[in-house]
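Letters A, B, ... mirror the listed sequences (proteins, then strands); counts begin at 1.
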Amino acid sequence: MKEEIFNSLNKVSLKIFPEFSGNFQVSKPQDSLHGDWTSNLALIMAKQMKRNPRELANEIVESLESPQSFEKIVIAGAGFLNFYLKEEMFFEKTKEFAKGKFETPLEKNPKKILLEYVSSNPTGPIHVGHGRSAAFGSALANLLKKAGNNVTQEYYLNDRGLQAKTLGLSVFLRMQELQGINVNLPEGCYAGEYVKVLALKAKKKFKKKFLLKDIDTSSLESLDDWFNLIEDSFKDFSDLSNFVIEIQTNQIKKDLDSFNVQYDSWFKESDLFKNNLIQKSIKKLKEDEVEEKEGALWFKSTNYGDEKDRVLVRDNDEPTYFASDIAYHENKFKRNFDEIINIWGADHHGYVPRVKASIESLGLDSEKLKTLLIQFVSLKERGQRVQMSTRSGEFVELSELVNDVGIDSTRYYFLARKAEQALEFDIDLAKKTDKDNHVYYIQYAHARICSIKKELKKRNIEFELETSLEKLNLLKENEKDIISLINGYPEILEQCYKNYELHPLCFYLRDLSSKFHSFYNSEKIITENKDYSDAKIALSTAVQEVIKNGLNILGINCPEVM
RNA sequence: CUCCCGGUAGCUCAGCUGGAUAGAGCAUCUGCCUUCUAAGCAGAGGGUCGCAGGUUCGAAUCCUGCCCGGGAGGCCA
């Protein structure tokens with residue numbers, strides 16, 4: 001509908017003023033008194049034409065074609081064009097939605113999209129910060145799919161390199177402790193409790209294979225000292241590293257799966273090495289943008305506006321994380337996606353320019369890549385900030401939070417906040433099971449409607465949806481406000497889709513629920529007046545379906561009984 | 001020092017691609033259960049949109065400068 005209005009207005013604007021190039025809008029007015037749709041076209045045009053906006057508005061209305069969907073078009077305020085839908089059009093969306101029809105062809109040209117998110121290192125458990133990305137990524141995937149696109153969700157696994165070795169060492173040292181050999185953990189080792197759990201598993205698997213026995217380690221201090229010793233004494237050490245990385249990876253998969261997050265693809269960094277893709281990609285960078293300096297190999301990302309040039313291969317011949325990422329991104333592009341989306345923690349924002357630079361140097365179209373940054377999460381409990389620091393291993397695991405407050409609350413509050421805004425997660429609020437907790441409030445509205453349906457059966461009252469939907473005009477004016485809100489649902493989805501955001505949907509569902517609770521409470525829905533009763537149940541059904549549809553996108557459960 | 005995010009009601013936040021009287025929730029105060037779920041509803045009070053300029057018919061929204069909070073700036077990931 002919005003589009004129809006936009007197109008016909010556009011047509012008229014060009015007729016009146018062919019040079020018109022303004023960016024006018026058609027939107028839902030804040031106040032329903034201002035109609036079902038409103039446009040600022042006359043105001044925008046008046047500026048360019050240096051004319052009186054109200055006069056212009058008159059001309060526009062006069063030459064507007066096919067206004068048959070509208071009861072009236074009113075010129076208001078400074079020159080707004082307010083469109084009032086005819087009643088039968090007004091009920092259109094509610095009728096469709098009540099029947100569960102949500103065909104929203106948001107995307108006219110469906111795309112093949114790669115969505116990479118979380119991708120945290122398998123050196124430890126997923127924590128709450130990753131959880132926010134997980135909730136966001138999976139919900140965005142749902143939305144992109146609903147819009148008609150083909151979406152691949154991918155997790156990039158850093159399963160090799162220094163961090164894998166460090167985890168191996170950390171577990172190795174805990175294994176010694178299990179045998180009564182005391183060693184000091186060097187700086188940089190992973191210190192969390194989960195490392196001890198891994199050590200137990202490793203001990204079971206490898207028995208006495210990785211034991212120090214009589215080796216004197218008293219002089220060892222740094223990570224490197226230890227790595228040297230291990231290289232000399234334990235030829236198969238990588239078996240241990242690989243083993244614990246695999247266990248951690250499975251743990252991550254499990255944690256994400258129980259958070260309603262499912263991937264289509266797990267991409268291993270080690271595969272890039274197996275196939276020598278890193279070297280191959282580096283060779284494909286523009287020749288004059290790669291140079292050797294101070295024993296290392298550099299990429300001149302400053303050519304593309306990056307702050308400084310970046311190292312690709314260290315002086316010890318080990319490629320950097322950045323080099324892997326170039327190969328990984330080249331691989332993404334080779335897989336022929338129309339759009340490639342990365343969801344990264346905001347602490348990686350400095351990383352964006354160099355990756356874009358490398359893509360361009362490879363001769364690929366960096367416009368295809370979109371990077372969304374998610375800000376940090378902090379936790380609040382009993383009015384106090386929960387202390388967290390990754391360095392000391394005192395972070396709160398996602399699974400811990402989910403166990404505490406539940407998956408629905410966790411997902412909702414992660415999503416109800418603009419992604420680029422830091423999030424303060426109120427644990428006490430999220431645990432509440434009353435109206436203060438928005439997700440309960442929304443679910444409760446849905447459950448209440450289910451409950452009405454049950455009551456109908458109990459009382460043996462017949463209800464036929466199709467015919468009842470024809471009685472919507474019996475609703476009172478204030479009840480029609482709900483219909484107006486329902487009419488706005490597609491635009492909310494469109495806004496989310498266009499801007500890669502989900503919080504407007506969260507806010508919308510809460511608003512809709514609020515309107516419904518108010519409606520429910522004002523008077524009985526099931527009454528002696530059969531026709532009016534039918535109309536109210538039909539309206540409730542539409543609300544029920546919209547809530548179900550919305551929660552589904554957010555990846556939040558929609559119980560029928562609470 | 002450079003870059004990124006933020007500063008809107010007592011608190012947590014929407015609104016920011018310029019539009020009509022700046023909105024929600026919480027908290028505070030006043031009401032509402034013989035009822036299809038009170039796990040709820042109705043009402044009230046509460047604002048220098050960080051500060052100062054600028055752009056224009058119109059600025060919370062755009063531009064410039066400044067102040068405050070958080071984050072990032074490795075041959076770590």
When you compare the protein's N or O atoms with those of nucleotides 9-13 of chain B, which come within less than 3.5 Å of each other, and at what distance?
{"from": "B:C13", "atom 1": "OP1", "to": "A:Arg417", "atom 2": "NE", "distance (Å)": "3.1"}
{"from": "B:C13", "atom 1": "OP1", "to": "A:Arg417", "atom 2": "NH2", "distance (Å)": "2.7"}
{"from": "B:C13", "atom 1": "O3'", "to": "A:Arg417", "atom 2": "NH1", "distance (Å)": "2.3"}

Please tabulate, one pair per line, all N/O donor-acceptor pairs under 3.5 Å involving side-chain atoms of residues 503-513 of chain A, not counting sequence neighbours.
{"from": "A:Tyr508", "atom 1": "OH", "to": "A:Leu485", "atom 2": "O", "distance (Å)": "2.8"}
{"from": "A:Ser513", "atom 1": "OG", "to": "A:Leu509", "atom 2": "O", "distance (Å)": "2.7"}

Quick one, A:Ile452 with A:Tyr520, criterion side-chain contact (heavy atoms from CB on, under 4.5 Å). Give me CA distance, side-chain angles, the key distance, then yes/no. CA-CA 10 Å; A:Ile452 293 166; A:Tyr520 177 94; 4.0 Å; yes

Taking O4'-C1'-N9-C4 for purines and O4'-C1'-N1-C2 for pyrimidines, is B:C57 syn (within 90° of 0) or anti? anti

A side-chain contact here means heavy atoms from C-beta on lying under 4.5 Å apart; do A:Lys268 and A:Arg160 qualify? no

May I have the distance from A:Asn40 (atom CG) to B:A20 (atom P), rounded to whole angstrom? 11 Å

Go through the steps for A:Tyr117 and A:Glu154 under the test side-chain contact (heavy atoms from CB on, under 4.5 Å), then give the verdict. CA-CA 7 Å; A:Tyr117 59 99; A:Glu154 183 160 286; over 6 Å; no

Given RNA chain B, 5'-ward residue of the pair A:Ser514 and A:Gln495, judged by closest heavy atom: A:Gln495

Taking the C1' atom in each of B:C13 and B:G47, what is the distance between them to the nearest angstrom? 15 Å

P-based separation of B:G19 from B:G23 [nearest Å]: 14 Å

Would you check if A:Tyr328 and A:Ser281 make a side-chain contact, meaning some heavy-atom pair closer than 4.5 Å? no

Is there a donor and acceptor pair closer than 3.5 Å between the side chain of A:Asn82 and the base of B:A20? yes

The reported gap from CZ in A:Arg310 to CG in A:Asp325 (rounded to nearest 0.5 angstrom) is 13.0 Å

Kindly indicate whether a cation-pi arrangement holds for A:Lys471 with A:Tyr532, taking the cut-offs as under 6.0 Å to the six-membered ring centre and within 45° of the axis. no

Side-chain heavy atoms of A:Leu81 within contact of A:Thr38, under 4.5 Å: no

side-chain hydrogen bond (donor to acceptor under 3.5 Å, both in side chains) between A:Glu107 and A:Tyr497: does it pass, once the steps are laid out? CA-CA 9 Å; A:Glu107 185 56 72; A:Tyr497 180 62; 2.7 Å; yes

Rounding to the closest angstrom, what is the interatomic distance between B:U2 and B:C62 at atom C1'? 24 Å

Taking atom P in both B:C33 and B:A38, compute the distance separating them and give it to the nearest angstrom. 13 Å

Generate the contact string for nucleotides 69-77 of chain B. Rules: B means base contact, S means sugar-phosphate contact only, - means no protein heavy atom under 4.0 Å. --BSSSBSB

Counting primed atoms plus P, OP1 and OP2 as sugar-phosphate and everything else as base, spell out the protein contacts along nucleotides 26-37 of chain B at 4.0 Å heavy-atom distance: B, S or - for each nucleotide, 5' to 3'. SS-------BBB

Go through A:Asn342 and A:Tyr156 one step at a time and tell me if the side-chain contact (heavy atoms from CB on, under 4.5 Å) criterion holds. CA-CA 11 Å; A:Asn342 291 342; A:Tyr156 178 59; over 6 Å; no

A side-chain contact here means heavy atoms from C-beta on lying under 4.5 Å apart; do A:Val439 and A:Gln443 qualify? yes

Within residues 530-543 of chain A, the residues having a heavy atom closer than 4.0 Å to RNA chain B are none

What's the CZ-C1' distance between A:Arg510 and B:G25, to the nearest Å? 6 Å

Can you tell me how far C1' in B:G71 sits from the matching atom in B:C32, rounded to whole Å? 48 Å

Which value, in whole Å, describes the distance between the P atoms of nucleotides B:U34 and B:G50? 47 Å

A:Leu509 CG to B:A14 P, straight-line distance once rounded to whole Å: 17 Å

Is there a side-chain contact between A:Leu369 and A:Val355 in this structure, where contact means two heavy atoms from C-beta onward sitting under 4.5 Å apart? yes

Is it true that the NZ or CZ of A:Arg354 lies under 6.0 Å from the centre of A:Phe299's six-membered ring and within 45 degrees of the ring axis? no

Roughly, in whole Å, what's the span from CE in A:Met45 to C1' in B:C57? 17 Å

From OH of A:Tyr440 over to P of B:A39, roughly how many Å is that when rounded to an integer? 14 Å

To the nearest angstrom, how far is A:Gln25 atom CD from B:G58 atom P? 19 Å

Could you tell me whether a side-chain N or O of A:Trp344 sits under 3.5 Å from a main-chain N or O of A:Ile374, the two making a donor and an acceptor? no

Are any side-chain N or O atoms of A:Asn82 and backbone N or O atoms of A:Gly35, one a donor and one an acceptor, separated by less than 3.5 Å? no

If you measure from the P atom in B:C63 to the same atom in B:C3, how many Å do you get, rounded? 15 Å

A:Leu41 CG to B:G19 C1', in whole Å, measures 14 Å

B:C16 to B:G6 separation - C1' atoms, rounded to the nearest Å: 13 Å

Dot-bracket assigned to RNA chain B with the 3.5 Å Watson-Crick/G-U criterion, [ ] for crossing and | for other-strand pairs, is (((((((..((((.....[...)))).(((((.......))))).....(((((..]....))))))))))))....

Taking it one step at a time, do A:Val313 and A:Glu318 satisfy side-chain contact (heavy atoms from CB on, under 4.5 Å)? CA-CA 6 Å; A:Val313 183; A:Glu318 174 74 8; over 6 Å; no

With a 6.0 Å cut-off on ring centres, are A:Phe516 and A:His446 close enough? no

Under 4.0 Å between any heavy atoms, over every strand shown, what does A:His517 touch: base, sugar-phosphate, or nothing? Just pick one. sugar-phosphate

What is the distance, rounded to the nearest whole Å, between atom CD of A:Glu501 and atom C1' of B:C16? 11 Å

Count the heavy atoms belonging to other residues, nucleotides or ligands that lie under 6.0 Å from NZ of A:Lys293, then report whether that count exceeds 12. yes

